[in-house]
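Predicted model only: the values in this text are computed from it and were never measured. Each chain gets a letter, A, B and so on, in the order its sequence line appears, and its residues count up from 1.
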There are 2 protein chains.
Amino acid sequence: MAASELISARVIRRVSFYYEVLLKLNLSPDTYISSKRIEEMTGVSCNQVRQDFFYLGFAIGRQKKGYQVGVLLAELKRVLSVEKCAEVVVVGAGRLGRALTEYPLFGVRNIRIVALFDNDQQVVGQNLKVRDEIVPILHVDAMDAFLRTRAGVNIALLTVPESQAQGAFDNLIRLGIKGIVNFAPRILKIPKGNKQVQLINECVGASLYKIVYQICRNQEGEHRDE
Amino acid sequence: MAASELISARVIRRVSFYYEVLLKLNLSPDTYISSKRIEEMTGVSCNQVRQDFFYLGFAIGRQKKGYQVGVLLAELKRVLSVEKCAEVVVVGAGRLGRALTEYPLFGVRNIRIVALFDNDQQVVGQNLKVRDEIVPILHVDAMDAFLRTRAGVNIALLTVPESQAQGAFDNLIRLGIKGIVNFAPRILKIPKGNKQVQLINECVGASLYKIVYQICRNQEGEHRDE
DNA sequence: TAGATTGTTAATCGATTAACAATC
DNA sequence: TAGATTGTTAATCGATTAACAATC
């Protein structure tokens, strides 16, 4: 894999799986784990696992034994750039915003929520406690100043109500945020010509829609496996 | 498309996009909308849009005009099975569980959260108000009885802390739930041989991981478009 | 008419699966 | 050795994109 090549979202997601499952297993770094065993743990086929490792240029396996846990974790870590802490802000301190702030796997991945922003005076000034750190809820008007003192922060999670989504989004772009994950129930679009900003419209309900669809269909037609 | 054939998750997701965007536009049912215009609204290419409609057997377009909004909405609705209300329970009445309960697009899709369950006596007995409906928080021990009186409920959202995920999951399977979306930060697996239950392990952080990865990479290497 | 837009097919692209020689 | 498991290539599968005749 060329160094400058972007890994696809699919691969990233599987690598996350491997990494988190492996961490959770908490095996001694000098034990070995086979692709078959990784399949059992993650549900990703052993062929896919080996293909991924090959594609990522790992070449750290040993026939008959598998992959040394410590070495494998280091490689996965490198791919995910976990060593470097990624600092992120949350815009919208409602239930979803707070839930995300507390999401435990962000810690594992060295992602740190450094502040929440809201325009509701009722919540501004509160603090959230996340893994021994205090995360403040600030007023949106203070975001400009905040970001200027924290040049490393260039990613935002957007969790405002639908009615405020567009405005908050425009504001984030204006402030120079580079990456936005939009959890608001509205599809946002980057203004044409702007190549600086990355946007993902997250669909909280996508999985549920899929399940609902499958269950409904199965009830109508005859039952079939798989 | 054969009636018994399952539509892929990709298609379902795009169809959701079309449906929600179209609803939001709130056009008169007898106006027409072109695939090109749908591309502008959703970001899905007009080729993809037409391909989807073709695959789904719509055949409702008219050259030079496009698709009649009322007819198109009806077709999308049919595909998504939105006419029939899907009743769902939420297990875990924390921030994420409550945020999902209030998620506005579930209403659009005719998905109804009928109850939350928790084992914390502090929250049991509370009610959430969602779009004029009262949604109760009940004790997990009451779930068995609740589900027996509500045969139509066979889907659950799992939003408990990691430590309780496996237990709550096993319980849901025991109670005969057919579809589970797991938001807990642990990968769950359906016991081998069980073909009745559908499970999706939702990864709340997936999009953020992707953004973090892309932004980091872009900072390291030279800047490239796309 | 001329231009726009559909339905549909074919080409391309990318991702997954299968296979197997190498070898510990 | 024999069995297990890797790295790697080739085959398959599915999804997206491109193209274009049909036609309103």
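Looking at heavy-atom distances under 4.0 Å, A:Ile60 makes contact with sugar-phosphate atoms alone, never a base. Within 4.0 Å of A:Arg14, counting heavy atoms only, lie sugar-phosphate atoms of the nucleic acid but no base atom.
A salt bridge links B:Arg112 with B:Glu133; the closest basic N to acidic carboxylate O contact falls under 4.0 Å. Between A:Arg95 and B:Glu102 a salt bridge is recorded (basic side-chain N to carboxylate O distance below 4.0 Å).
When both pairing distances are held under 3.5 Å, C:dT23 makes a Watson-Crick or G-U pair with D:dA4. Base pairing of C:dT17: its partner is D:dA10, meeting the Watson-Crick or G-U wobble criterion (both donor-acceptor distances under 3.5 Å).
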For side chain to side chain contact (heavy atoms under 4.5 Å, CB included), just list the numbers for A:Leu188 and A:Leu199, CA-CA rounded to whole Å, side-chain angles, deciding distance to a tenth of an Å, and then say yes or no. CA-CA 8 Å; A:Leu188 297 172; A:Leu199 166 69; 4.1 Å; yes

May I have the step-by-step check of side-chain hydrogen bond (donor to acceptor under 3.5 Å, both in side chains) for A:Asp30 and A:Ser28, ending in yes or no? CA-CA 6 Å; A:Asp30 51 2; A:Ser28 162; 2.4 Å; yes

Test A:Arg150 against A:Val89 for side chain to side chain contact (heavy atoms under 4.5 Å, CB included), laying out the working first. CA-CA 11 Å; A:Arg150 296 271 218 146; A:Val89 294; over 6 Å; no

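In 5' to 3' order, the nucleotides of DNA chain D bounding all contacts with chain B (an atom under 4.0 Å from a heavy atom) are D:dA15 to D:dC24.
Of the two residues contacting DNA chain C, namely A:Arg50 and A:Ser8, the nearest-nucleotide position lying further toward the 5' end is that of A:Ser8.
Across residues 62-70 of chain B, B:Arg62, B:Gln63, B:Lys64 each have a non-hydrogen atom less than 4.0 Å from an atom of DNA chain D (numbered order).
Cation-pi geometry between A:Arg109 and B:Tyr209 is met: the NZ or CZ atom falls under 6.0 Å from the ring centre, inside 45° of the normal. Cation-pi contact between A:Arg62 and A:Tyr67: absent, since separation from the ring centre below 6.0 Å together with deviation from the ring axis within 45° is not met.
Among B:Gln164, B:Glu162, B:Gln166, the one residue that satisfies the side chain to side chain donor-acceptor pair (under 3.5 Å) test with B:Arg186 is B:Glu162.
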